Amino acid sequence: GNTISAKYKIDTLGSEWTNSFEYTYFNLTNSQSYDNLNILPARNTLFGDGDISNKKNIFVLKSDAVFKTKSKYTIEVGAKYNFSLSNNNALFFADTSTGKFLNTFQTNKFKYTENIAAGYLQVSKTFKGITVKPGLRIEYTDIKGNQLIPSDTTFKINRINLFPYIYLRSNIGKLFGFTLTGNLIFRRSITRPFYESLNPSPRYADQYTYDIGNPNLQPQFTNNYEFNVTANEFPVFSIGVNDIKNIFTTLTYQKDNILYRTYDNLGTNKELYLRFVAGIPPGGKYFFYAGTQMNRINYNGIYNGDPFTYKRASWNIFMFHNYKVTPTFNVNLNAWMRVNGVFNFFETGTFGTINLSANKSILKKKMNIIISVNDLLLTNRVDFNVDVPKFEGNGFQYGDTRKFGIALKYNFGLKPKPEPKQGFEIPKDLN
């Protein structure tokens with residue numbers, strides 16, 4: 001990939017114009033072989049192999065301008081064009097007691113073209129301590145998919161969408177020396193089906209389970225309403241609602257004796273979320289933050305051809321601790337726990353993990369010795385169950401998550417990059 005960019009400073013008030021061009025090329029090749037031996041119940045041994053190739057060309061043009069006026073208005077305007085071309089080829093063979101033959105179920109040839117053009121305009125100004133920032137984005141989408149083998153599943157998507165946005169911000173007081181700022185936000189956004197979710201080429205998991213894309217998948221739209229409070233720019237409290245239309249998610253269907261996991265549009269989901277974070281800011285000998293997030297979901301739509309309503313509240317609890325024993329020795333501990341979790345209607349029990357690490361600098365900070373252990377108490381083990389129209393099941397899943405490690409790092413004279421400051425935020429794997 002390559003990116004070319006340029007910036008032009010228009011005036012001394014901070015107005016500037018930036019432009020960029022980006023090109024990315026992917027060439028993925030993969031060979032797969034498998035064999036299945038069923039003891040109970042007894043089945044004929046099944047062998048298979050195949051080759052997969054996936055090539056992508058992505059071009060992105062972007063132009064953004066910021067104008068700052070003497071009357072304290074900030075005007076932002078920009079445009080972006082994205083072109084993506086993908087070619088997927090999969091050639092698979094199966095081998096049984098009767099001989100080797102072409103696996104027409106997995107063999108696939110699929111082309112995908114995506115053109116997306118967008119433009120936006122937003123204006124901001126502060127009136128008597130209240131910052132007001134409205135905006136509007138318009139997008140044109142042109143998508144075409146064409147499956148050549150085993151059958152033609154050509155589809156086209158052409159649409160124009162508007163996405164309004166408004167943001168209000170104001171200082172609301174002080175607490176323990178921190179400036180508290182309130183932020184009120186409304187925004188409309190789109191989540192487009194990604195290439196793998198549209199690709200109808202089956203991906204083999206085992207002889208009873210496949211992952212298959214859905215060429216007829218439609219995008220989902222979200223209206224987000226949120227109020228949050230920050231302390232010196234660190235988020236400490238937020239409450240909001242995601243009103244999602246035409247939601248798509250991973251679903252599990254069954255046909256004959258085969259389970260296949262695919263993506264499908266379900267209906268609507270109104271999600272209420274509440275997040276709270278507190279702690280001691282970084283900079284001293286001891287720093288920590290801890291918080292919790294509650295998500296309450298309410299699905300309403302069609303699943304497997306039947307009406308489906310689903311409600312559930314889940315909790316995430318997380319924390320991070322950093323203690324500087326000496327200027328050259330510090331200890332970190334981070335942990336998270338999920339209660340009543342849900343993932344694509346698979347309900348999980350309580351599980352989580354504790355990670356611990358110690359970092360010692362020696363030789364005038366040129367060498368670091370790092371000792372770590374992940375999943376200290378071996379608690380990242382998940383019980384799950386699912387009960388949806390025409391499909392129910394349960395199971396238990398765990399991986400080799402408890403790991404011990406030691407690392408030695410030595411700096412040969414180059415100035416090390418500054419370590420990023422730890423912030424008050426929910427871990428990415430819990431969002």
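For clarity, every value in this text was computed on a predicted model and none was experimentally measured.
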Chemist: What are the two closest heavy atoms between Ala231 and Val236, and how far apart are they?
Modeler: CB-CG1, 4.1 Å
Chemist: Evaluate the criterion side-chain hydrogen bond (donor to acceptor under 3.5 Å, both in side chains) for residue pair Asn334 and Asn355; output intermediate values, then yes/no.
Modeler: CA-CA 5 Å; Asn334 67 79; Asn355 304 317; 3.1 Å; yes
Chemist: Can Asp375 and Thr401 be said to form a side-chain hydrogen bond (donor to acceptor under 3.5 Å, both in side chains), step by step?
Modeler: CA-CA 6 Å; Asp375 198 9; Thr401 54; 2.5 Å; yes
Chemist: Between Leu121 and Ile75, is there a side-chain heavy-atom distance shorter than 4.5 Å?
Modeler: yes
Chemist: With rounding to the nearest 0.5 Å, note down the distance linking CG in Asn57 to OH in Tyr25.
Modeler: 6.5 Å
Chemist: Do Phe21 and Tyr23 touch side chain to side chain, with heavy atoms closer than 4.5 Å?
Modeler: yes
Chemist: Testing the basics here: between Arg296 and Ala313, what is the closest heavy-atom pair and its distance to 0.1 Å?
Modeler: NH1-CB, 3.9 Å
Chemist: Would you say the side chain of Ile185 lies within less than 4.5 Å of the side chain of Tyr225, judging by non-hydrogen atoms?
Modeler: no
Chemist: Assess whether side-chain contact (heavy atoms from CB on, under 4.5 Å) is satisfied between Ile362 and Ile369, documenting all intermediate values.
Modeler: CA-CA 8 Å; Ile362 60 174; Ile369 304 173; 3.9 Å; yes
Chemist: Does any non-hydrogen side-chain atom of Asn269 lie less than 4.5 Å from one of Thr249?
Modeler: no
Chemist: Strictly under 6.0 Å, is that where the ring centroids of Trp336 and Phe351 end up?
Modeler: yes
Chemist: Distance from Lys56 atom NZ to Leu28 atom CG, nearest 0.5 Å?
Modeler: 9.0 Å
Chemist: Spell out, as yes or no, whether a donor-acceptor pair under 3.5 Å connects the side chain of Thr126 to the backbone of Gly129.
Modeler: no
Chemist: Just checking Tyr210 against Tyr260, ring centres under 6.0 Å apart?
Modeler: no
Chemist: Any Lys/Arg nitrogen of Glu76 or Lys133 sitting under 4.0 Å from an Asp/Glu carboxylate oxygen of the other?
Modeler: yes
Chemist: I'd like to know whether the aromatic ring centres of Phe276 and Phe237 sit less than 6.0 Å apart in this structure.
Modeler: no
Chemist: Inspect the contact between Arg192 and Glu139 and indicate whether a charged nitrogen and a carboxylate oxygen are less than 4.0 angstrom apart.
Modeler: yes
Chemist: Could you tell me how the ring of Tyr299 sits relative to the ring of Phe345: parallel (under 30°), tilted (30 to 60°) or perpendicular (over 60°)?
Modeler: perpendicular
Chemist: If I compare all heavy atoms of Pro219 with all of Pro193, which pair ends up nearest, and what's the gap?
Modeler: CA-CD, 3.7 Å
Chemist: Measure across Arg188 and Leu162 and return the closest heavy-atom pair with its distance rounded to 0.1 Å.
Modeler: NE-O, 3.5 Å
Chemist: Checking Thr29 against Ser53: is there a side-chain donor and acceptor pair closer than 3.5 Å?
Modeler: no
Chemist: I would like to know whether Ser31 and Asp51 meet side-chain hydrogen bond (donor to acceptor under 3.5 Å, both in side chains); could you show each step before the answer?
Modeler: CA-CA 5 Å; Ser31 295; Asp51 294 301; 2.7 Å; yes
Chemist: Using distance alone, with no hydrogens and no angle criterion, decide if Tyr81 and Asn115 have a side-chain donor and acceptor under 3.5 Å apart.
Modeler: yes
Chemist: Quiz question: by atom type and distance under 3.5 Å, do the side chains of Ser15 and Asp11 form a donor-acceptor pair?
Modeler: yes
Chemist: Without hydrogens or angle criteria, can the side chains of Tyr273 and Asn224 be said to hold a donor-acceptor pair below 3.5 Å?
Modeler: yes
Chemist: Have Tyr289 and His321 got a donor and an acceptor in their side chains that come within less than 3.5 Å?
Modeler: no
Chemist: Check the orientation of Tyr263 and Phe248. Use parallel for under 30°, tilted for 30 to 60°, and perpendicular for over 60°.
Modeler: perpendicular
Chemist: Ser63 versus Trp17: any side-chain heavy-atom pair under 4.5 Å?
Modeler: yes
Chemist: Can you confirm whether Ile138 sits close enough to Tyr120 that some side-chain heavy atom of one is under 4.5 Å from a side-chain heavy atom of the other?
Modeler: no
Chemist: Which distance, rounded to the nearest 0.5 Å, do you find between the CZ of Arg312 and the CG of Asn340?
Modeler: 4.5 Å
Chemist: Show me the pairs that pass side chain to side chain donor-acceptor pair (under 3.5 Å) and involve residues 161-184, at least two apart or across chains.
Modeler: Arg159-Asn161, Tyr167-Arg169, Tyr167-Asn183, Arg169-Asn183, Arg169-Glu233, Asn171-Thr181, Lys174-Thr179, Asn183-Asn228
Chemist: Take atom CG in Asn2; do more than 12 heavy atoms of anything else shown fall under 6.0 Å from it?
Modeler: no
Chemist: Could you point out which residue of Asn242, Asn298, Asp243, Val241 forms a side chain to side chain contact (heavy atoms under 4.5 Å, CB included) with Glu271?
Modeler: Asn242
Chemist: Step by step, would you call Ile52 with Phe92 a side-chain contact (heavy atoms from CB on, under 4.5 Å)?
Modeler: CA-CA 8 Å; Ile52 301 172; Phe92 274 85; 3.8 Å; yes
Chemist: Are Gln293 and Asn295 linked by a side-chain donor-acceptor pair shorter than 3.5 Å?
Modeler: yes
Chemist: Supply the atom-to-atom distance Asn265 CG to Ile247 CD1, rounded to the nearest 0.5 angstrom.
Modeler: 9.5 Å
Chemist: Using the side chain to side chain contact (heavy atoms under 4.5 Å, CB included) definition, which of the options Asp142, Ile116, Ile58, Thr113 pairs with Phe83?
Modeler: Thr113
Chemist: Check Phe329 against Ala358 and note the closest heavy-atom contact, atom names and distance.
Modeler: CE1-CB, 3.9 Å
Chemist: Run the side-chain contact (heavy atoms from CB on, under 4.5 Å) check on Tyr286 and Ile280 step by step: do they pass?
Modeler: CA-CA 8 Å; Tyr286 174 58; Ile280 299 175; 4.0 Å; yes
Chemist: Going by distance alone, is a donor N or O of one side chain under 3.5 Å from an acceptor N or O of the other, for Tyr323 and Asn332?
Modeler: no
Chemist: Would Lys366 and Tyr410 satisfy side-chain contact (heavy atoms from CB on, under 4.5 Å), going step by step from the backbone distance to the final call?
Modeler: CA-CA 6 Å; Lys366 287 187 175 182; Tyr410 185 80; 3.9 Å; yes
Chemist: Mind checking side chain to side chain contact (heavy atoms under 4.5 Å, CB included) for Leu376 and listing every partner two or more places apart, or none if nothing turns up?
Modeler: Ile354, Val373
Chemist: Checking side-chain polar atoms at under 3.5 Å, does Lys360 have a donor or acceptor matched by the opposite partner on Thr328?
Modeler: yes
Chemist: At what distance, to the nearest 0.5 angstrom, does CE of Met367 lie from OG of Ser361?
Modeler: 11.0 Å
Chemist: Under 6.0 Å between the ring centres of Tyr253 and Tyr303?
Modeler: yes
Chemist: Hey, is CZ on Phe59 packed in by over 12 heavy atoms from elsewhere, all under 6.0 Å?
Modeler: yes
Chemist: Would you say the side chain of Phe163 lies within less than 4.5 Å of the side chain of Arg187, judging by non-hydrogen atoms?
Modeler: no
Chemist: What's the separation between atom OG in Ser84 and atom OH in Tyr112, rounded to the nearest 0.5 Å?
Modeler: 7.0 Å
Chemist: A side-chain contact here means heavy atoms from C-beta on lying under 4.5 Å apart; do Ile244 and Lys270 qualify?
Modeler: no
Chemist: Please check this pair: side chain of Asp35 against backbone of Phe47, looking for a donor-acceptor N/O pair closer than 3.5 Å.
Modeler: no
Chemist: Any cation-pi pair here, Lys125 with Tyr73, using under 6.0 Å and within 45°?
Modeler: yes
Chemist: Taking distance alone, no hydrogens or angles, what donor-acceptor pairs closer than 3.5 Å link side-chain atoms of residues 378-398 to residues at least two apart or in another chain?
Modeler:
unit_1: Thr379; atom_1: OG1; unit_2: Gly352; atom_2: O; d: 2.9
unit_1: Lys390; atom_1: NZ; unit_2: Asn304; atom_2: O; d: 3.2

